[in-house]
Structures are given as C-alpha cells and as structure tokens.
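The structure under discussion appears below in the form of structure tokens.
Given the structure is predicted, the values throughout are model-derived calculations rather than measurements. Counting starts at 1 for both ligands and their atoms, following the listed order. Each residue takes its place number in the sequence, starting with 1.
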Amino acid sequence: MSRRTLIAGNWKMHTTGAEAQKLAGDILSSCKNIHDRDVLLAPPFTALAAASEKLGDSPVILAGQNVCWEEQGAFTGEISPLMLKDQGATAAIVGHSERRQIFGESDEMINNRLVGGLKHGLMIVLCIGETLSEREGGQTFTVLEKQVREGLARVSAEDMARVVIAYEPVWAIGTGKTATTEQAQEAHGFIRKLIEELYEKGVAEQLRILYGGSVKPANVDDLMSQPDIDGALVGGAALDGESFGRIINYQ
Ligand code: PEP
C-alpha cells in the first residue's frame, strides 16, 4: 500500500512572528510545485497566527508543538485544542522527547493530550524513541512498545487515520548522529507490526511513520528509500528554508 509522505518541521523555541513569516514564505516557495507529499510546520504557539497568515490557503499543514486535553480552565502555561484551531492549526505534535525529558511528561499525560487533540479533530504526531542508555541496554523495543501502547490507549481504529507516529531516537536528536537506515527501518518495521497487533493490518498499512533525528539534505534520500519510512520530522534543518526545501524535495 502506498502511503503519502509527510515532511514535518519542528521549529522548537525559535522564531518571532516576523521570522516565522519569512521562514514559512521561504518554505512555501520550495514546495509550491510538489503535489505528491504533505508538508507540516510546527512553529511556537506565539508564531502560529503569523505563519498561518503567510501560508494562506496553501495545503501546508500547520501544527502546535503540544496540546492540552482540556478546552479551557486553570492550566497555566498550556494551550487548548480550540486555541490551536483558532490560530489556524489543524494538527499538533505530542510526546516530543524534549517534553518527556526536560518537562517530565509521562506516557499517560501524552495519551491525554493525544486523545484530547483527536477529539477536536486535530491530526496528531505522536513522538516516541529510546535514549542511548536504553539502546545500549538492549531496551529499544521494550521502550517503543510501552510508548506506543500507552500513548495510543483509548484510540479507535477509525481515529488512527488522523495519527502519525514519529520514531525519534533521543540520541539522534540535535546531536548530528543519525540512526543508520537499517536501525531506522528496523524500528519502523517493529512499530508497524505492533500497530497491526493492536489494531488490524489495514490500520498498520495506512499509518505514516516518520523518522526524526538529525535529518539533513545529505541523509534524507537514504532514509526515505526504506519501505517503512514514510517521512521525516526535522528540527535543526527545518529552520533554514533552503535545507528544509531540499529535504521536502528528497528523491
Ligand atoms: C526534532 O526536534 O524532532 C528533531 C528531530 O531535531 P533534529 O532534526 O535537530 O535532530
């Protein structure tokens, strides 16, 4: 089954509104003749409206970098699905390793975010991945299985159509170290098999699984040649219009 590729850019805590408009504009020019793949941009919350204005009615998907499970209330520092939509976003990332590692988000909390976002019609990119010590300790697949099972608790087969999984080995994020194509393919194959066990073959076959971790113009073609790699979640290289444009235009 052929799955539509998704190239996603996570801008993390970078860009003011003006910088976001400029970057979104540069990226728009690189993908205007591309019709066979999807592009998603995740600026910081404060730059969503500026990016949305620039993207206009283009097919580029706009995403929040996180989302709360509640619509409103006493949740200082959080952003609700309704607020994201109000700023022009139709998607959200949850479970990024920086949220897990720096801000202590648990699989249960990430699952609440994911379910809350889905309930309001958002597309959700669920990030999972093992640390270096977990990989070296032979724990990679145990960790991935727990993050998938707990992250997707209460999600129906039907709602899985709006879920994307991003496999991001923590040791490869922002370090310049990329997983080998074999390591990435092995993890993606494992995740797809697990989704088949948890749901059914059709759900596993339509699921897009992105690779993230130091994706650059120099390594994207190899990564994208793997059968279970359906796109990329890009951090550092997504902040440069030219580099991200090259990644979108992978061969
Ligand atoms: C990320 O932020 O999800 C990421 C993969 O970052 P980088 O591409 O910089 O490793």
Side-chain angles (χ1 to χ4, degrees), residues 5-15 19-20 23-24 26-27 30 38-45 47-48 51 61-67 89 91-103 105 107 110 113-114 117 123-132 134-135 140 143-144 147-148 151 163-181 183-185 187-188 191 208-224 226 228-250:
T5 298
L6 173 63
I7 305 291
N10 172 17
W11 296 359
K12 309 195 187 195
M13 200 170 71
H14 296 282
T15 70
E19 289 163 349
L23 185 52
D26 291 349
I27 293 168
S30 337
D38 293 330
V39 175
L40 175 151
L41 302 179
F45 299 137
L48 280 170
I61 301 162
L62 191 64
Q65 294 176 16
N66 209 351
V67 64
I93 295 172
V94 302
H96 190 279
S97 69
E98 287 147 20
R99 299 303 316 172
R100 295 175 187 267
Q101 310 261 310
I102 306 172
F103 300 99
E105 293 197 12
D107 285 308
I110 291 160
R113 294 184 183 283
L114 182 144
M123 170 206 257
I124 301 289
V125 180
L126 168 65
C127 302
I128 60 170
E130 81 287 359
T131 62
L132 186 59
E134 288 163 346
R135 176 161 281 267
T140 299
V143 169
L144 296 182
Q147 291 175 338
V148 168
V163 173
V164 171
I165 292 183
Y167 167 60
E168 301 204 295
V170 179
W171 48 272
I173 297 181
T175 58
K177 272 190 206 163
T178 319
T180 63
T181 47
Q183 284 171 325
Q185 169 56 33
H188 284 225
I191 294 162
R208 293 191 283 191
I209 308 176
L210 315 183
Y211 169 78
S214 299
V215 175
K216 302 180 207 69
N219 57 26
V220 67
D221 297 341
D222 270 356
L223 287 162
M224 291 304 299
Q226 299 301 304
D228 287 300
I229 300 186
D230 308 310
L233 178 53
V234 186
L239 290 171
D240 178 84
E242 203 180 312
S243 292
F244 194 61
R246 166 69 186 89
I247 292 171
I248 295 169
N249 285 278
Y250 78 89

Worksheet item: Do any heavy atoms of Ala172 fall under 4.0 Å from ligand 1?
Response: yes

Worksheet entry | Enumerated ligand 1 atoms positioned under 4.0 Å from heavy atoms of Ser214 | 7 (P), 8 (O), 10 (O)

Worksheet item: To the nearest 0.1 Å, how far is atom 5 (C) of ligand 1 from its closest protein heavy atom, and which atom is that?
Response: Glu168 OE2, 3.0 Å

Worksheet item: When rounded to the nearest 0.5 angstrom, what is the spacing between NE2 in His188 and CD in Gln183?
Response: 11.5 Å

Worksheet entry | Residue portion contacting ligand 1 (non-hydrogen atoms closer than 4.0 Å) for Ile173 | both

Discussion item. What I want to know is whether Gly235 and ligand 1 share at least one N or O pair that is separated by under 3.5 angstrom.
Written reply: yes

Practice prompt. For atom 2 (O) of ligand 1, grab the closest protein heavy atom and report residue, atom and distance to one decimal in Å.
Written response: Lys12 CE, 2.6 Å

Worksheet entry | Protein contact of atom 9 (O) of ligand 1 - nearest heavy atom, named by residue and atom, plus distance | Gly236 N, 2.8 Å

Worksheet item: Just how far is it from atom CD1 of Ile93 to atom CD1 of Ile124, taken to the nearest 0.5 Å?
Response: 10.0 Å

Discussion item. Can you tell whether the side chains of Glu105 and Arg99 come within less than 4.0 Å, N to carboxylate O?
Written reply: yes

Worksheet item: Does the distance from a Lys or Arg side-chain N to an Asp or Glu carboxylate O, for Asp221 and Arg246, drop under 4.0 Å?
Response: yes

Worksheet item: To the nearest 0.1 Å, how far is atom 1 (C) of ligand 1 from its closest protein heavy atom, and which atom is that?
Response: His96 NE2, 3.2 Å

Worksheet item: Which part of Cys127 is near ligand 1, with near meaning a heavy atom under 4.0 Å away: side chain, backbone, both or neither?
Response: neither

Practice prompt. Within a distance under 4.0 Å of any heavy atom of Gly213, pick out the atoms of ligand 1 and give their elements.
Written response: 5 (C), 10 (O)

Practice prompt. Could you tell me the separation between the CG atom of Asn10 and the CG atom of Leu41, rounded to the nearest 0.5 Å?
Written response: 10.5 Å

Worksheet item: Is there a nitrogen or oxygen of Gly174 sitting under 3.5 Å from a nitrogen or oxygen of ligand 1?
Response: yes

Worksheet item: Between Thr175 and Ser214, is any pair of side-chain heavy atoms under 4.5 Å apart?
Response: yes

Worksheet item: Going by atom types only, do Trp171 and Glu130 share a side-chain donor-acceptor pair under 3.5 Å?
Response: yes

Worksheet item: With no hydrogens and no angle check, do the side chains of Tyr211 and Thr178 hold a donor and an acceptor under 3.5 Å apart?
Response: no

Discussion item. Within ligand 1, which atoms have a heavy atom of Leu233 less than 4.0 Å away?
Written reply: 3 (O), 5 (C)

